[in-house]
Amino acid sequence: MDHRLIRKLRPRLLTWLRRSRSGRVLFMKRFPYKDIKRATDGFQSIMYTTSHIAAYKARFQDGGVVLIKEMRDYDQGKDAFYREVQLLGRLHHRHLLALKGFSTGHKRLLVFDNIERGSLKEHLTDPLRTPLDWRTRLQIVIGVVAALEYLLLFNEPPMYHVSISSSSIMLDENFNAKLSDVGLQSSGENYVTVPHTSCAKDCMGQECGNIMFQLGVLILELITGQSADDGGADLVQWIREYRFCSSIHKMLDPDLGNSYDSRELKSLLAVAKLCVRYGDKPKTSILQFIEKISYVMKFN
């Protein structure tokens, strides 16, 4: 979409969103705690954890595989939890993992959509999985950028609390990327929705910088096949090197073989470098930065 048109339509869209989100509370299914405990094998099927969130793979009796998120250290009361459930339930985008329901038994749990193919990290690190080809990896990046555009520019309030990592990105049956860690981020806060006064298009602070930095690290993971443990420090150091271009072919994931497009690879590395640089010192608004990313990713 032309970004000049986005600027023109954004105020009208946000006004419509405010109207559409007033009124009765959105209905969300309440799952029995015992069913979730059984489906997660007693909460043993862990997919990823942070200090405030634990995510589990769950298989219900109907055969569906879904993602369960346990909210830890959440002491704001049930009303705050229900407000967050309502907020997450209203997010609809093809690259976001949809919320299906919740549970407030012994744990406060969120039930998300199907994750039959598991996480992106599993596909990058598990030798028993079919390697991701170049086109699939490229589409994953495009999908993540589209989700960020929706969360930061077309959502009211904007959702700055989003974690982008290969562990928290799920893949559907067509290998479309689905962000799963949105809104209830492990940022050290218990209740992390963003005030309505926030304006994402003017965001130049650390919140947006962190998101873009994570995107850069994710791109480097997809290109190299290397894990971003410890915040991706080694990958970030590599792309910051003055002569990193001379070592690109040494860093490429061997699983890619010769299937990649050299021009697309250079464009994707340019995006990663932009993201890492932006994450250090945001100098432009998030709207301008996403415009720049979208332009580079046209691979002209």
Distance check, rounded to the nearest 0.5 Å: [X] atom [atom1] versus [Y] atom [atom2]?
X      : Y      : atom1 : atom2 : result
Leu222 : Leu120 : CG    : CG    : 5.5 Å
Ile169 : Leu179 : CD1   : CG    : 5.5 Å
Leu109 : Phe81  : CG    : CZ    : 7.0 Å
Lys178 : Ile140 : NZ    : CD1   : 12.5 Å
Leu124 : Gln226 : CG    : CD    : 11.0 Å
Asp172 : Glu116 : CG    : CD    : 11.0 Å

Item to check | Residue pairs involving residues 96-126 (criterion ring-ring contact (aromatic ring centres under 6.0 Å, His included); sequence neighbours excluded) | outcome: Tyr33-His106, Tyr82-Phe102, His123-Phe175
Looking at side-chain heavy atoms only, is the closest gap between [X] and [Y] below 4.5 Å?
X      : Y      : result
Leu96  : Leu151 : yes
Val65  : Phe60  : no
Val162 : Ile211 : yes
Ile293 : Leu215 : yes
Ile290 : Leu153 : yes
Phe213 : Cys275 : no
Leu67  : Lys69  : yes
Met71  : Leu110 : yes

Given 3.5 Å as the limit, does a donor-acceptor pair link the side chain of [X] with the main chain of [Y], or not?
X      : Y      : result
Thr224 : Leu220 : yes
Asn155 : Pro158 : no
Ser103 : Phe31  : yes
Ser267 : Arg263 : yes
Arg117 : Glu173 : yes

Report yes or no: do [X] and [Y] belong to one cluster of Ile/Leu/Val/Met/Phe/Trp/Tyr joined by side chain heavy-atom distances under 4.5 Å?
X      : Y      : answer
Val66  : Ile53  : no
Leu91  : Ile68  : no
Ile219 : Leu152 : yes
Ile142 : Leu265 : yes
Val111 : Leu97  : no

Item to check | Qualifying residues under ring pair (Phe, Tyr, Trp, His ring centres under 6.0 Å), relative to His93, sequence neighbours excluded | outcome: His95, Tyr150
Checklist outcome for this item: Those residues at least two apart in sequence (or on a different chain) that pass ring pair (Phe, Tyr, Trp, His ring centres under 6.0 Å) with Tyr260 are none
Checklist entry - Using a distance-only test with no angle check, is there a side-chain donor-acceptor pair under 3.5 angstrom linking Thr104 and Arg30? => result yes
Item to check | Under 3.5 Å side-chain donor-acceptor pair for Ser166 and Tyr48 | outcome: no
Item to check | Steps toward salt bridge (charged side-chain N to carboxylate O under 4.0 Å, His left out) verdict (Arg137, Asp253) | outcome: CA-CA 11 Å; Arg137 299 183 196 211; Asp253 186 351; 2.9 Å; yes
Next on the checklist: Could you go through Met212 and Leu274, starting from their C-alpha distance and side-chain angles, then the distance that decides it, and tell me whether this counts as side-chain contact (heavy atoms from CB on, under 4.5 Å)?
Outcome noted: CA-CA 9 Å; Met212 292 301 111; Leu274 277 173; over 6 Å; no
Which atoms form the tightest heavy-atom contact between [X] and [Y], and what is the distance?
X      : Y      : answer
Gly216 : Ala272 : O-CB, 3.8 Å
Ser259 : Leu256 : OG-O, 2.7 Å
Met170 : Ser180 : CE-OG, 4.1 Å
Ala177 : Val144 : CB-CG2, 4.1 Å

Item to check | side-chain contact (heavy atoms from CB on, under 4.5 Å) evaluation trace for Leu235 with Ile223 | outcome: CA-CA 10 Å; Leu235 295 175; Ile223 289 174; over 6 Å; no
Checklist entry - Where do Lys57 and Ile115 land on the side-chain contact (heavy atoms from CB on, under 4.5 Å) test, with the steps shown first? => result CA-CA 8 Å; Lys57 181 181 292 186; Ile115 55 164; 4.3 Å; yes
Checklist entry - Taking it one step at a time, do Asp261 and Arg135 satisfy salt bridge (charged side-chain N to carboxylate O under 4.0 Å, His left out)? => result CA-CA 9 Å; Asp261 181 289; Arg135 186 57 47 187; 5.8 Å; no
Checklist entry - Between Ser168 and Ser163, is a side-chain contact (heavy atoms from CB on, under 4.5 Å) present by the stated rule, with each step listed? => result CA-CA 7 Å; Ser168 61; Ser163 176; 4.1 Å; yes
Next on the checklist: Checking Glu122 against Arg129 for the salt bridge (charged side-chain N to carboxylate O under 4.0 Å, His left out) test, could you report, in this order, the C-alpha distance in whole Å, the side-chain angles of both residues, the deciding distance, and whether it holds?
Outcome noted: CA-CA 8 Å; Glu122 291 175 304; Arg129 299 256 186 179; 3.6 Å; yes
